[in-house]
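Whatever order the structure lists them in is the order used to number ligands and atoms, beginning at 1. Residues: numbered from 1 along the sequence shown.
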Amino acid sequence: MEPIQLVDLKNQYLKIKDEVDKAVIDVMDSCAFINGPEVKGFQKDLENYLDVKHVIPCANGTDALQIALMAAGVKAGDEVITPSFTYVATCEVVALLGAKPVFVDVYPDTFNINIEDLESKVTDKTKAIIPVHLYGQCANMEGVMEVANKHNLTVIEDTAQGIGADYTFKNGDTKKAGTIGHIGCTSFFPSKNLGCYGDGGAIFTNDDDLANELRMISNHGQSRRYYHDQVGVNSRLDSIQAAILRIKLKHLDEYNKARNEAASFYTETFSKTDKIVPPFVADFSTHVYHQYTVKLKGVDRAKLQDYLQEQGVPSNIYYPLPNHKQKAFEHNGTDAVLPVTEQLGTEVLSLPIHTELTNEQLNHITKSILDFINQ
Ligand SMILES: *Cc1c(COP(=O)(O)O)cnc(C)c1O
């Protein structure tokens, strides 16, 4: 059996190696390293895939979020509501702009933003909401949009973990994650569901004015060359990454299907024990399993992780310390009381999930877990 990894980028690469290598060499030959035709091509491909009017590629997912907040007009003193149970980047960019991240709790089953708690935390200073499609499943976007519309707030979806997921509205319409709010942000960090071979990110919107703002801010606030209407940033996706992403985008649905197959295997196996609660999938969303994250009930998590390590099974905790408890946000609302988030921090465990898991590996992982639990 091949060694098990949390994410297997090597075997995924080997399957598309010829095509990728050629595309990279072609960019080198062209020397169009910045804003070359591949970047424009990828932008169009992603617009088509997501069925969204504008994609603005940028340097990484954290930049995408920061640029989105700047385009939404978030300034020092404003408040931005985000879940605490997310990767630090979601909250970091809010604080970086001098605004205050206001942390809300999540639902214990989907791990996503709690709509009642969200509504209770809206104040006169609130400018935006950042729902996160954590682990690959959409947050309750109809709930989020209802609160946002009522209070005139900008919704910035953090879909770094949810690219490719479908959201189904009550009327039966479906949209891709990241295209429901005013702005969507994603990351192409190598381990993401659509990952490049370095850093990359993108911002999406259906709004022409916002698209202009986003483009301008990500390019030094430049309206035309050497004329700067506002203070912006320098955030670009390079042509080599774009060329790789064009190839990988063609495989994204198949990649997400492979992740779903591994997830189904896990979930079916764990139905044999009540000590492991498998991920719950809400009926309004598909799941693209950026992570396969279970909740442990009455299991010593540290001991289980040690045992799994001995069996050659890596596992990880996303995220051990919620953001409202992080030192970095000490002056920014650590007074928040978020019981579900705090409880989840002690219970969650993420198992290996990627596009290359074999049945042999899956059997070994599940057997190791059940052996430990039933010993
Ligand atoms: C990965 C990630 C980001 C940041 O993306 P980078 O490309 O690493 O900057 C933001 N939010 C979430 C939820 C993420 O998982």
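Phe188 and Val233 are members of different hydrophobic clusters when ILVMFWY side chains are connected at heavy-atom separations under 4.5 Å.
Close contacts of ligand 1 with Gly61, meaning ligand atoms under 4.0 Å from a residue heavy atom, involve 5 (O), 6 (P), 7 (O), 9 (O). Proximity to Ala89 (heavy-atom distance under 4.0 Å) selects the following atoms of ligand 1: 4 (C), 10 (C). Which parts of ligand 1 touch Asn60 is read off a 4.0 Å heavy-atom cut-off, strictly below it: atoms 7 (O), 9 (O).
Classification of the Tyr307-Phe372 ring pair by plane angle, with boundaries at 30° and 60°, yields tilted. Ring pair His228/His220 is perpendicular by interplanar angle, where above 60° counts as perpendicular and below 30° as parallel.
Residue Asp199 has no N or O atom closer than 3.5 Å to an N or O atom of ligand 1. Any N or O atom pair closer than 3.5 Å counts here, and Gln161 shares at least one such pair with ligand 1. For ligand 1, one of its N or O atoms has an N or O atom of Thr62 under 3.5 Å away. Considering backbone and side-chain N/O atoms, Ser187 comes within less than 3.5 Å of an N/O atom of ligand 1.
Closest non-hydrogen pair, Val39 versus Pro57, comes out as CG1-CG, 4.1 Å.
Under a 4.0 angstrom heavy-atom cut-off, His133 registers as lying outside contact with ligand 1.
Looking only at heavy atoms of the protein, atom 11 (N) of ligand 1 is closest to Asp158 OD2, 2.8 Å. Atom 2 (C) of ligand 1 has Lys192 NZ, 2.5 Å as its closest protein atom, hydrogens excluded (heavy atom only).
With ring centers used as reference points, Tyr13 lies under 6.0 Å from Tyr197.
Rounded to the nearest 0.5 angstrom, Thr179 OG1 and Phe204 CZ are separated by 8.5 Å.
Using a 4.5 Å heavy-atom cutoff, the side chains of Met141 and Glu157 are in contact.
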